[in-house]
Amino acid sequence: MDVSFILDALNDKQREAVAAPLQNSLVLAGAGSGKTRVLVHRIAWLMHAYELSPYSLMAVTFTNKAAREMQGRIEQLVGVPPQGMWVGTFHGLAHRLLRAHWRDAGLKENFQIMDSDDQLRLIKRIMRDMSIDETRWPPKQVAWFINAQKDEGRRAAHVPDSHDPFSNGMRELYYHYEEACEKNGLLDFGELLLRAHELMLTNPALLRHYQQRFVHVLVDEFQDTNSIQYAWLRVMVGDQGTITAVGDDDQSIYGWRGAKIENIQNFTKHFSDVQTIRLEQNYRSTGNILKAANGLIRHNDDRLGKELWTDSGSGEPISVYAGFNEQDEARFILEVIKKWRDKGTSLTDMAILYRSNAQSRVIEECLVREQIPYRIYGGHRFYDRLEIKNALAYARLAIDANDDGAMERVINVPPRGIGERSIGTIREIARDQGCSMWQAAEQIVVHGTLPARATNAIKAFMTLIQGMAQTVQAPDLGLGDVFEQIIQEAGLIPYHEKEKGEKGEARVENLQELVSAASGFSWSETDEEFSSPMLAFLDQAVLDAGDAQADEYQDSVQLMTLHSAKGLEFPLVFLTGVEENLFPSKMSFEEPGRLAEERRLCYVGITRAMEKLYITYAESRRLHGSESFNSPSRFIREIPEDCLEEVRLRSQVARPVSLQRPDYQAQNQRIMQGHQVPQTNISMGDRVRHPIFGEGLVINYEGQGPQARVQVNFDTEGTKWLVLSFAKLEVL
DNA sequence: CAGAGTGCCTTTTTT
DNA sequence: AGGCACTCTG
């Protein structure tokens with residue numbers, strides 16, 4: 001069989017990786033070196049050259065998006081969908097195993113997956129039941145603790161006893177949490193992995209089956225695996241199977257949630273006869289961008305070592321812009337965006353990256369003002385939204401009335417006269433009798449435990465849910481129709497319409513979006529493990545963020561955190577807020593390893609850019625309500641100077657070159673006050689008074705002398721541009 | 001019981 | 001700044 005089509009379009013190193021013998025291999029793939037390409041071609045090669053059935057292959061990724069992309073590209077290359085091959089995320093595949101073998105895994109058949117929000121609710125409920133002081137053990141920290149333990153593969157019983165009452169309290173809560181999950185058939189994200197691992201360890205026959213089945217396992221983004229994922233992989237691969245691990249130690253950015261960079265660093269020690277291949281030729285970025293990236297990452301120790309190169313030209317230098325404040329930073333970005341747009345670059349090719357989600361707001365406001373469409377990734381995900389979760393909870397309750405979580409969630413949404421008091425009574429009865437809340441509610445209705453008004457409200461709610469149960473079971477209704485009716489019957493639309501502001505409007509739209517997502521949901525592909533489309537849909541809603549919902553095809557600027565930018569590329573990239581305390585985040589200063597991770601994050605950011613990279617920072621920044629003066633990030637200094645260029649929008653301003661200077665604090669003060677508008681008596685940062693608009697702060701200017709215009713941020717009137725020779729501004 | 005209003009607290013990244 | 005829990009009022 002002619003297999004040349006698989007190897008033809010590859011470079012030497014890629015070909016080496018793709019056509020490697022059927023053995024363990026580690027592909028160290030630098031950013032933009034064709035990593036996914038290698039994975040996909042490797043799969044095609046295994047099928048054609050070694051005649052492996054897709055059935056004997058498993059490919060694991062971290063995100064659903066990556067899994068979908070891989071699936072699509074395999075199909076494209078091979079021509080047909082790889083029947084029987086397991087392609088999915090760690091969580092998705094673990095889930096699949098557990099659905100198929102729920103009994104062996106010691107689960108209930110109808111077990112449910114909780115997202116982090118559900119998890120937190122459960123923890124709070126447990127703590128309230130136990131009357132535990134939430135200020136001493138903040139529920140969020142409890143959740144964090146439990147998740148961290150699970151990432152390490154530890155159950156409550158494995159957590160070592162400690163002399164510290166705080167940790168012991170945590171452990172105690174973990175016990176109770178495990179118990180509650182067990183009782184209610186609930187699994188959090190970490191539990192999926194932990195349980196799937198245990199399933200294999202405790203069922204030798206099952207393990208043998210899967211080890212024999214999966215001749216070769218491929219893993220993407222290997223540097224992000226945590227302990228339990230790694231353990232699971234090793235078990236699945238076994239002694240007979242082999243593995244291809246693709247990753248980049250320089251792009252390991254998930255240490256904070258348990259990823260172990262050691263997994264890739266020690267790969268050759270843990271697996272036998274590993275062939276290591278480095279992909280260092282970059283097809284994405286210009287020479288300058290790569291030089292910057294290489295220069296930066298050299299400051300990290302313990303690297304496996306890799307240097308990106310390209311045979312295309314060096315391109316433009318990287319521009320660094322120092323904004324006066326975050327508004328100014330955003331305005332600068334917008335000006336550049338407009339310039340590029342007018343030159344014909346489509347907005348989709350531009351990305352604005354930031355360290356934390358909170359930073360997006362100022363930029364968004366600016367985009368709205370300039371009427372430039374944008375799309376924001378991450379943040380609150382579609383299926384995480386309150387209104388969506390409520391609608392889903394109705395569906396869950398309609399399927400299983402004993403689902404307490406769902407019951408708690410929607411029993412009084414929209415308000416129907418079942419207040420805290422009544423809910424408390426229901427909860428109490430349920431707890432005393434060890435029954436579900438629904439059963440408790442039935443008793444209340446029968447015995448009239450509560451006042452007539454409350455009882456009637458409960459009765460009405462139960463009738464409503466029973467009606468929905470009929471709807472869900474109706475054989476001729478599509479999934480979309482079912483949700484349409486549920487939303488209708490629950491009265492969610494008028495409830496949200498009543499909300500003031502645009503919020504309610506957006507929620508109604510989201511509910512409509514849910515209906516269309518449900519209509520478009522195809523079940524056939526998701527295989528036999530799931531017993532009904534509705535159940536499959538509900539599971540998928542928890543596991544898949546549903547990120548690509550709205551406006552996917554509109555030409556819009558892309559906004560996202562650095563973390564969610566990994567794996568993507570854009571011709572024009574803005575790396576924003578590159579300031580000490582922000583990026584690197586001040587949280588990273590305590591442990592040395594965290595700073596290295598921030599640096600890798602910066603490396604990821606830089607290497608997203610194909611043609612042109614802008615790095616921006618603000619000398620003063622208002623975040624979380626208070627103003628701070630941060631110095632430019634050390635990362636800027638770590639980039640080789642000769643690939644940087646400092647941008648001054650208005651070139652008259654003589655600004656001290658601040659990048660190489662260690663002592664920023666005093667200097668920032670000077671900068672704040674030092675920008676005089678040429679041939680005028682006004683400087684940036686001055687407080688001024690206007691006869692009509694009142695007092696404000698000068699934050700920007702244009703032109704000079706009689707033509708000069710300044711932008712003033714008035715205390716009460718917002719920001720305005722004023723021509724100096726007309727406006728009567730008094731400097732205070 | 002519902003809805004408005006007040007005060008308090010948290011601020012990194014998310015499968 | 002924004003979200004959340006709690007209190008107050010109709």
Side-chain angles (χ1 to χ4, degrees), chain A residues 60-67 88-95 113-117 119-120 124 128 134-135 138-141 143-144 147 150-151 188-193 220-221 224-226 228-229 252-259 326 353-362 365 377-381 383-384 386 412-424 450-451 453-454 457 495 498-500 503 542-547 560-566 577 581-590 594 597-598 600-602 604-605 621-628:
Chain A
V60 196
T61 62
F62 275 84
T63 66
N64 292 291
K65 200 161 94 192
T89 63
F90 277 100
H91 292 89
L93 296 177
H95 176 229
I113 309 166
M114 283 185 288
D115 64 16
S116 18
D117 184 56
Q119 183 188 36
L120 194 62
K124 281 183 184 166
R128 258 166 230 166
E134 295 193 8
T135 51
K140 271 197 185 138
Q141 272 189 46
W144 187 87
N147 292 335
K150 290 193 177 187
D151 283 344
D188 59 40
F189 288 135
E191 184 71 25
L192 288 170
L193 304 171
D220 194 13
E221 307 278 16
D224 289 332
T225 51
N226 64 28
I228 187 70
Q229 287 161 339
S252 161
I253 55 175
Y254 285 103
W256 52 274
R257 60 169 206 220
E326 77 282 359
L353 311 181
Y354 35 80
R355 179 66 179 84
S356 69
N357 279 311
Q359 284 164 250
S360 72
R361 226 196 58 248
V362 183
E365 281 165 5
Y377 284 76
H380 21 231
R381 297 199 296 265
Y383 290 114
D384 277 354
L386 179 92
N412 201 31
V413 177
R416 49 172 68 89
I418 307 174
E420 223 11 78
R421 200 60 185 280
S422 313
I423 298 174
L450 284 168
R453 203 162 71 161
Y495 168 60
K498 265 191 291 188
E499 270 177 300
K500 52 189 168 194
K503 234 177 189 168
V542 183
L543 282 176
D544 191 345
D547 36 25
M560 67 196 84
T561 63
L562 285 154
H563 282 86
S564 35
K566 193 170 68 163
N581 299 324
L582 208 63
F583 189 30
S585 149
K586 59 167 170 268
M587 315 294 262
S588 68
F589 296 157
E590 291 146 32
R594 309 270 303 267
E597 181 155 311
E598 296 280 311
R600 292 194 292 268
L601 193 55
C602 187
V604 167
R621 177 178 300 271
R622 207 172 174 74
L623 198 66
H624 309 307
S626 65
E627 196 163 30
S628 52

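In the text below, chain A, chain B and the rest are named by the order of the sequence lines, each starting its count at 1. What you see is a predicted model, and the numbers here were worked out from it, not measured in a lab.
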Ignoring backbone atoms, test whether A:Thr561 places a side-chain nitrogen or oxygen under 4.0 Å from the OP1 or OP2 oxygen of B:dT14.
-> yes
For A:Lys150 and A:Glu191, run salt bridge (Lys or Arg N to Asp or Glu O under 4.0 Å): C-alpha distance rounded to whole Å, both residues' side-chain angles, the deciding distance at 0.1 Å, then the answer.
-> CA-CA 7 Å; A:Lys150 290 193 177 187; A:Glu191 184 71 25; 2.7 Å; yes
Heavy-atom side-chain contact between A:Leu192 and A:Phe90 under 4.5 Å = no
Tell me: CE of A:Met560 to C1' of B:dT14, nearest whole Å?
-> 15 Å
Gap between atoms CD and C1', on A:Gln141 and B:dC9 respectively (whole Å) | 14 Å
For atom NZ of A:Lys140 and atom C1' of B:dC9, their distance in whole Å = 10 Å
List for me each residue that meets side chain to side chain contact (heavy atoms under 4.5 Å, CB included) alongside A:Arg416, sequence neighbours excluded, and say none if there are none.
-> A:Tyr394, A:Asn412, A:Pro414, A:Ile418, A:Phe461, A:Leu464
Is A:Asn147 near enough to B:dT14 that one of its side-chain N or O atoms lies under 4.0 angstrom from OP1 or OP2?
-> no
Those residues that, when tested against A:Ala565, pass side chain to side chain contact (heavy atoms under 4.5 Å, CB included) (two or more places apart) = A:Leu353, A:Met560, A:Arg608
Identify each atom pair where a protein N or O and an N or O of nucleotides 3-5 of chain C are less than 3.5 Å apart, giving names and distance.
{"from": "C:dA5", "atom 1": "OP1", "to": "A:Lys124", "atom 2": "NZ", "distance (Å)": "3.3"}

Rounded distance in Å - CD (A:Glu597) to P (B:dT14) = 13 Å
How far, in whole Å, is C:dC4 from B:dT13 if one measures between their P atoms?
-> 15 Å
Between OH of A:Tyr354 and C1' of B:dT14 the distance, given in whole Å, is 14 Å
Report yes if the ring of A:Tyr254 lies under 5.5 Å from the six-membered base ring of B:dT14 with planes under 30°, and no otherwise.
-> no
Nearest listed nucleotide, side chain of A:Arg453, among B:dG3, B:dT13, B:dC1 = B:dC1
When you get a sec, tell me which of B:dT14, B:dC1, C:dG2 is the closest nucleotide to the side chain of A:Ser422?
-> B:dC1
